[in-house]
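Here the structure is laid out as structure tokens; the discussion comes afterwards.
Each residue takes its place number in the sequence, starting with 1.
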Amino acid sequence: MSNYQCRNQKLSQWVQETASLCKPESIYWCDGSKQEYDRLMAQMVASGMALPLKKRPNCFHFRSDPSDVARVEDRTYISYPDQADAGPTNNWFAPDELKATMAGLYQGCMRGRTMYVIPFSMGPVGSKLSKIGVEITDSPYVVCNMHIMTRVGDGVLDLLDQGAEFIPCLHSIGAPLEPGQKDGSWPCAPIEKKYISHFPEENLIWSYGSGYGGNALLGKKCLALRIASAVARREGWMAEHMLILRLTNPEGRQFHITGAFPSACGKTNLAMLLPTIPGWKCECVGDDIAWMRIGPDGRLYAINPEAGFFGVAPGTSYASNPMAMDSIKENSIFTNCAITDEGDVWWELMDGPPPAHAVDWKGRDWTPASTEVAAHANARFTAPASQCPIICPDWEKPEGVPIDIFIFGGRRASVVPLVTEAYGWDHGVFMGATAASETTAANIGAVGNLRRDPFAMLPFCGYHMGDYFQHWFNMGDRLGNKAPRVFYVNWFRKTAEGKWLWPGFGDNSRVLKWMCERVEGKVGGAETPIGLLPLSQDLDMQGLNLPAENLAELLKVDTEAWRAELPDIAKHFQKFGDRLPARLQRQLEELSKRLG
Ligand code: OXD
Ligand code: MN
């Protein structure tokens with residue numbers, strides 16, 4: 001039983017084959033309409049899976065199974081016939097073996113459920129920079145989230161009917177229903193049966209067992225980063241884990257900036273920054289992923305392939321990110337938050353005092369005296385990007401926006417200054433390749449450990465990372481003097497007593513201003529062993545009462561501490577064996593020489 005007759009033969013065959021394998025009760029082709037969204041939500045409310053929020057129009061809350069709360073990096077596979085092609089940073093299984101195991105799991109896995117076919121576009125429908133995907137899933141929660149995060153629907157189906165290529169994304173929660181069996185509120189498979197698999201040589205994604213976030217909304221990390229990074233290398237473009245923003249100076253000149261940061265470094269906050277310096281305006285193009293191609297004028301143009309924000313809720317507040325708070329007032333989905341007695345969501349560090357009573361993310365009574373957090377640390381909101389009050393008017397421009405500046409960064413309590421400019425492209429690639437961050441509660445492993453996360457792509461690069469570094473050099477060679485300028489930032493410096501040296505948030509605009517003025521050639525930079533640093537008079541500090549010693553500390557280059565970093569960088573590079581580009585090794589030698 002199916003509601004649509006698809007004229008794309010390859011697609012219709014794949015849907016039929018999948019139905020024969022997974023044995024759903026029915027097949028439903030999604031049209032992306034509001035009626036479809038409302039109908040599925042109403043069904044989930046009726047089944048008890050979704051809770052409508054009294055305080056937020058058209059908003060719903062979901063509670064996941066406590067075993068299914070985050071991306072599962074150790075169950076995520078990049079599958080090439082030759083393990084060497086996956087590289088040292090990815091989990092690997094041979095395609096035949098992985099497919100055989102997963103086909104066994106998929107056998108009859110959708111019994112008793114509807115199989116949804118979601119045609120979606122990553123990027124504006126029909127843009128040359130966009131890609132079409134089709135996700136097959138047995139989760140109505142996934143369908144509704146995909147409505148927000150991607151462009152689902154008829155426009156895409158029309159392109160498919162005309163024979164457009166697509167990336168097949170197969171997803172099942174892995175919880176078939178026996179006749180008469182009552183469904184749970186978050187059905188999923190146990191951890192040892194979860195698989196998030198990528199077959200880059202076939203542009204194919206197979207996900208099984210999880211209904212959560214990047215494991216299940218396959219357009220995001222799976223397609224737009226892991227598969228797209230491999231496609232981008234073959235086709236000569238870039239798929240990056242980067243926010244995109246537009247900064248306009250008081251004279252009206254626009255600068256477009258992308259930034260790559262590991263988790264828990266304030267990427268969404270930076271993407272929606274409200275500048276504290278007068279006359280400067282920031283607009284958000286995207287908060288997580290950038291797809292970039294060289295345009296006819298030789299510059300690099302970026303689109304945001306997504307249509308929504310899938311943001312971490314705890315810590316989001318009017319103090320930290322007012323634009324995100326305004327984006328989630330309506331038409332949003334919340335997952336694993338706490339619910340107040342008034343029928344609103346709540347999470348740790350939201351503005352104001354905590355509620356006197358709430359129901360926590362596990363459905364238990366919670367009060368401020370409780371010893372556990374009310375919202376899960378990875379609780380999320382899913383919100384349409386169009387609802388962000390500072391969404392850039394050109395965010396859906398099919399040709400994208402021209403990039404002037406790349407920023408890399410990480411969380412470092414010491415050593416790394418507030419901002420450094422690279423001496424040139426190769427040095428910039430070195431900065432990206434050696435990016436490191438101290439782990440927080442959001443990462444696996446001990447808190448405070450230094451984790452190298454090259455280009456913030458460690459969990460998202462769909463091929464050997466040594467080849468990925470080389471791809472960056474190749475792109476730089478093609479861009480020549482039109483390449484974006486590269487900077488490295490660290491908003492997270494602390495005093496010896498553990499106090500923040502820099503206020504961050506909107507005041508980060510002061511650092512962005514310096515970058516823009518460097519691009520314009522208006523301000524200087526001091527040459528240091530690690531790159532160019534602002535002269536303290538060139539950083540706009542008006543209206544900020546920052547003690548002079550803080551600024552001095554933020555802009556200090558501790559040569560001794562940097563020298564001590566070198567062995568760790570060398571060890572990091574060794575992992576990539578003979579696929580480490582010689583140009584990176586040379587950068588390390590030059591840094592070492594400059595440090596003396
Ligand atoms: C994300 C991540 O969820 O990077 O965006 O982990
Ligand atoms: Mn991300």
Side-chain angles (χ1 to χ4, degrees), residues 70-71 73-74 87-91 241-242 259-267 270 312 315 377-378 406-420 422 427-461 465-466 468-469 472 486-502 504 528-531 533 553-577 580 584-585 587-592 594-595:
R71 283 187 290 104
E73 286 177 21
D74 55 345
T89 58
N90 285 313
N91 298 313
H241 189 204
M242 288 179 164
F261 297 85
S263 304
C265 289
K267 195 161 142 214
L270 184 63
V312 176
N378 192 37
F406 279 141
I407 308 179
F408 300 117
R411 175 185 286 271
R412 296 292 300 268
S414 61
V415 185
V416 180
L418 179 63
V419 58
T420 315
H427 186 209
V429 176
F430 176 82
M431 284 177 168
T434 54
S437 200
E438 278 146 18
T439 51
T440 67
N443 304 93
I444 304 150
V447 171
N449 279 352
L450 193 64
R451 169 169 133 138
R452 300 246 167 232
D453 186 351
F455 297 84
M457 283 287 277
L458 197 57
F460 305 122
C461 184
M465 207 158 225
Y468 167 84
F469 298 153
W472 267 80
V486 184
F487 297 83
Y488 197 97
V489 300
N490 175 22
W491 316 129
F492 301 96
R493 284 292 298 270
K494 285 184 175 171
T495 62
E497 296 74 43
K499 291 221 172 73
W500 297 116
L501 278 168
W502 179 249
T528 79
I530 61 164
L533 263 75
E553 188 59 30
L554 285 161
L555 299 180
K556 194 174 89 184
V557 178
D558 183 344
T559 322
E560 203 58 41
W562 272 94
R563 251 188 249 121
E565 295 266 306
L566 296 175
D568 189 61
I569 298 177
K571 197 165 128 227
H572 164 63
F573 279 177
Q574 263 165 23
K575 277 205 296 277
F576 305 104
L580 181 85
L584 270 184
Q585 194 61 43
Q587 284 299 318
L588 177 57
E589 283 154 22
E590 283 174 17
L591 172 62
S592 160
R594 290 195 301 265
L595 287 165

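Applying the ring pair (Phe, Tyr, Trp, His ring centres under 6.0 Å) criterion to Phe487, with sequence neighbours excluded, gives Trp514. With sequence neighbours left out, the side chain to side chain donor-acceptor pair (under 3.5 Å) criterion links Trp562 to no other residue. For Arg563, the salt bridge (Lys or Arg N to Asp or Glu O under 4.0 Å) test picks out Glu560, with sequence neighbours left out. Legend: residues meeting salt bridge (Lys or Arg N to Asp or Glu O under 4.0 Å) with Asp558, ordered by chain and number and at least two apart, are absent. Contacts of Lys556 classified as salt bridge (Lys or Arg N to Asp or Glu O under 4.0 Å), with partners at least two apart in sequence or in another chain: Glu553. Remark: Arg71 engages Glu73 in a salt bridge (Lys or Arg N to Asp or Glu O under 4.0 Å) (not counting sequence neighbours).
Between Phe469 and Phe576, the two ring planes are perpendicular [angle over 60°; tilted spans 30° to 60°].
Counting all heavy atoms, side chain and backbone alike, Asn490 lies closest to Arg412 at ND2-O, 2.8 Å. The two atoms that bring Pro459 and Arg451 nearest to each other are CG-NH2, 4.2 Å, heavy atoms only. The shortest heavy-atom contact between Val415 and Ala561 is CG2-CB, 4.0 Å. Minimum interatomic distance between Pro262 and Gly409 (heavy atoms only, all atoms of both residues): CD-O, 3.3 Å. Here the shortest heavy-atom pairing between Thr420 and Leu533 reads CG2-CD1, 3.7 Å. Pairing each heavy atom of His427 with each of Gly531, the nearest pair is CE1-CA, 3.9 Å.
The distance from atom OH of Tyr488 to atom CG of Leu418, rounded to the nearest 0.5 Å, is 12.5 Å. In this structure, NE2 in His572 is found 11.5 Å from CD in Gln574, a value given to the nearest 0.5 Å. Distance check: Leu580 CG to Gln585 CD gives 6.0 Å after rounding to the nearest 0.5 Å.
We find that Glu438 and Lys494 are not joined by a salt bridge, their nearest charged nitrogen and carboxylate oxygen being 4.0 Å or further apart.
Between the side chain of Thr559 and the backbone N or O of Leu595 there is no donor-acceptor pair closer than 3.5 Å. Ser592 places no side-chain N or O within 3.5 Å of a backbone atom of Leu588 that could act as its donor or acceptor partner. Not a single donor-acceptor pair under 3.5 Å links the side chain of Asn449 to the backbone N or O of Thr439.
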Test log, rule side-chain contact (heavy atoms from CB on, under 4.5 Å), inputs Lys267 and His241: CA-CA 10 Å; Lys267 195 161 142 214; His241 189 204; 3.0 Å; yes

Steps toward side-chain contact (heavy atoms from CB on, under 4.5 Å) verdict (Ile407, Phe261): CA-CA 8 Å; Ile407 308 179; Phe261 297 85; 3.9 Å; yes

CA sep, side-chain torsions, deciding dist, call: Met465, Asn90, side-chain contact (heavy atoms from CB on, under 4.5 Å): CA-CA 9 Å; Met465 207 158 225; Asn90 285 313; over 6 Å; no

Arg452 vs Leu450, side-chain contact (heavy atoms from CB on, under 4.5 Å): CA-CA, chis, key distance, verdict: CA-CA 7 Å; Arg452 300 246 167 232; Leu450 193 64; 4.1 Å; yes

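Using a 4.5 Å cut-off on side-chain heavy atoms (C-beta onward), Leu270 and Trp491 make contact. Here the side chains of Pro417 and Ile530 are in contact, with some heavy-atom distance below 4.5 Å.
Between Phe430 and Trp472, the ring centre distance reaches or exceeds 6.0 Å. Residues Phe492 and Trp502 place their aromatic rings such that the two centres sit no closer than 6.0 Å. For an aromatic pair to be called close, the ring centres must be under 6.0 Å apart, and Phe460 with Phe455 fails this.
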